[in-house]
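Only a predicted model underlies this, so the values are computations on that prediction, with no experimental measurement involved.
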Amino acid sequence: MAGAIGDIVLGLIASFLSGLAVWLWHRGKHSRDFRLRSRLVGARPGDTCLLVMNNTHDAPGSTHHHDVQALIEAAVLAHGLNCETEVVSSDAFHGSNVDRPEFCIGGPLGSNARSAGHLAQNVPGVFFHSFDHPEHPLAIEAGGETYRWTRGVDEYALIAKFTGPGGNRPVLLICGQSALGNHAAAYFLRRSYREIAATVAATERFCLLVRIPSIATYGFHGVRLERDLASVAFAGPAAV
């Protein structure tokens with residue numbers, strides 16, 4: 001009888017220790033993930049993150065559904081880091097982000113003038129062709145390569161992180177060839193932070209190109225990493 005009770009006690013202790021080990025592993029994993037996301041975004045608990053919202057192309061004052069979803073992705077990422085958020089219009093916000101991490105959403109061509117300024121000042125090696133370009137409308141050019149936009153089929157978006165003039169906290173620029181590209185890039189940033197951290201040379205500054213293929217089948221969910229552009233993006237003007 002005493003032996004049976006001892007076996008039961010030993011079993012309970014083993015189960016407790018096994019459960020404790022699993023709990024500690026999950027807790028440690030959550031802490032590591034939190035630190036990784038915090039380092040990648042450049043935001044700390046208690047920060048207020050600026051979410052700079054764009055306009056629908058050539059329609060000031062309105063916002064595309066996919067751009068709203070991109071904003072929500074950024075807000076979820078910020079709140080997951082125990083940060084507050086403040087939404088500001090790209091038309092109304094001028095100046096440095098100073099001590100607030102910034103998510104700037106939207107392409108530079110008639111959608112978000114702040115994105116255009118960020119690109120010109122901080123990411124001079126990447127160039128967006130205009131919508132009426134005779135050969136490559138809305139194409140992204142970087143490092144001698146041209147990444148074309150095919151409406152509803154295949155497109156690209158840029159995710160860049162840098163610290164702009166007058167700021168001591170980073171800007172995360174999310175620039176797609178369309179609103180769907182913005183949504184896909186924000187979704188990728190939130191969901192694929194481990195892949196991003198494993199790809200970039202430094203989390204303080206990076207520039208990634210993501211691709212959204214087979215849009216008719218997978219929509220924004222098909223987004224995937226295409227190329228690390230850091231070596232050319234920050235080096236100098238792209239060829240036009």
Side-chain angles (χ1 to χ4, degrees), residues 34-56 60-61 63-64 66-128 157-176 179 181-190 193 196-197 200-210 229-230 233-235:
F34 185 92
R35 290 193 298 270
L36 179 60
R37 285 183 285 121
S38 178
R39 189 166 68 250
L40 195 68
V41 173
R44 301 185 290 264
D47 281 344
T48 295
C49 294
L50 287 172
L51 308 182
V52 183
M53 199 60 187
N54 63 329
N55 296 295
T56 301
T63 302
H64 193 282
H66 279 296
D67 285 326
V68 174
Q69 294 301 312
L71 180 77
I72 291 172
E73 292 283 358
V76 170
L77 179 54
H79 283 299
L81 296 173
N82 299 326
C83 296
E84 300 296 322
T85 55
E86 179 183 351
V87 180
V88 294
S89 167
S90 59
D91 297 328
F93 181 42
H94 307 285
S96 172
N97 60 318
V98 191
D99 59 354
R100 295 175 294 180
E102 174 185 339
F103 292 84
C104 190
I105 298 169
L109 305 173
S111 175
N112 190 329
R114 188 169 178 85
S115 291
H118 278 319
L119 280 171
Q121 178 70 36
N122 304 283
V123 197
V126 178
F127 180 78
F128 279 69
L158 196 72
I159 304 172
K161 181 186 179 185
F162 49 84
T163 301
N168 51 47
R169 305 303 296 280
V171 174
L172 273 162
L173 181 63
I174 298 171
C175 260
N182 298 332
H183 184 185
Y187 172 82
F188 184 83
L189 177 64
R190 183 178 67 84
Y193 57 91
I196 293 173
V200 301
T203 56
E204 291 77 20
R205 188 176 76 160
F206 57 80
C207 184
L208 300 173
L209 187 75
V210 296
L229 292 175
F234 304 114

**Asked** Yes or no on side-chain contact (heavy atoms from CB on, under 4.5 Å) for Y193 and V41, after CA distance, side-chain angles and deciding distance?
**Response** CA-CA 9 Å; Y193 57 91; V41 173; over 6 Å; no
How about [X] and [Y]: do any of their side-chain heavy atoms sit closer than 4.5 Å?
| X | Y | value |
| --- | --- | --- |
| P45 | F34 | yes |
| N122 | V171 | no |
| L51 | I105 | no |

**Prompt:** S90 side chain to M53 main-chain N or O, any donor-acceptor pair under 3.5 Å?
**Reply:** yes
**Prompt:** What pairs with H118 under ring pair (Phe, Tyr, Trp, His ring centres under 6.0 Å), at least two apart in sequence or on another chain?
**Reply:** F162
**Request:** Using side-chain contact (heavy atoms from CB on, under 4.5 Å) as the criterion, list what pairs up with A230, not counting sequence neighbours.
**Result:** D228, F234
**A179: partners by side-chain contact (heavy atoms from CB on, under 4.5 Å), with sequence neighbours left out** = H64, H66, D67
**Asked** How would you list, by chain and number, every residue that makes a side-chain hydrogen bond (donor to acceptor under 3.5 Å, both in side chains) with Q121, sequence neighbours excluded?
**Response** none
**Fill in**
Taken in chain and number order and not counting sequence neighbours, the residues that satisfy side-chain hydrogen bond (donor to acceptor under 3.5 Å, both in side chains) with R205 are none
Would you mind writing out the side-chain donor-acceptor pairs for residues 73-84 within the sub-3.5 Å range, not counting sequence neighbours?
| from | atom 1 | to | atom 2 | distance (Å) |
| --- | --- | --- | --- | --- |
| E73 | OE1 | R190 | NE | 2.3 |
| E73 | OE1 | R190 | NH2 | 3.2 |
| H79 | ND1 | C83 | O | 3.2 |
| H79 | NE2 | T85 | OG1 | 3.4 |

**Prompt:** In Å and rounded to the nearest 0.5 Å, what is the CG to CG distance from L158 to L208?
**Reply:** 8.0 Å
**Residue pair V126, L209: steps toward the side-chain contact (heavy atoms from CB on, under 4.5 Å) verdict** = CA-CA 10 Å; V126 178; L209 187 75; over 6 Å; no
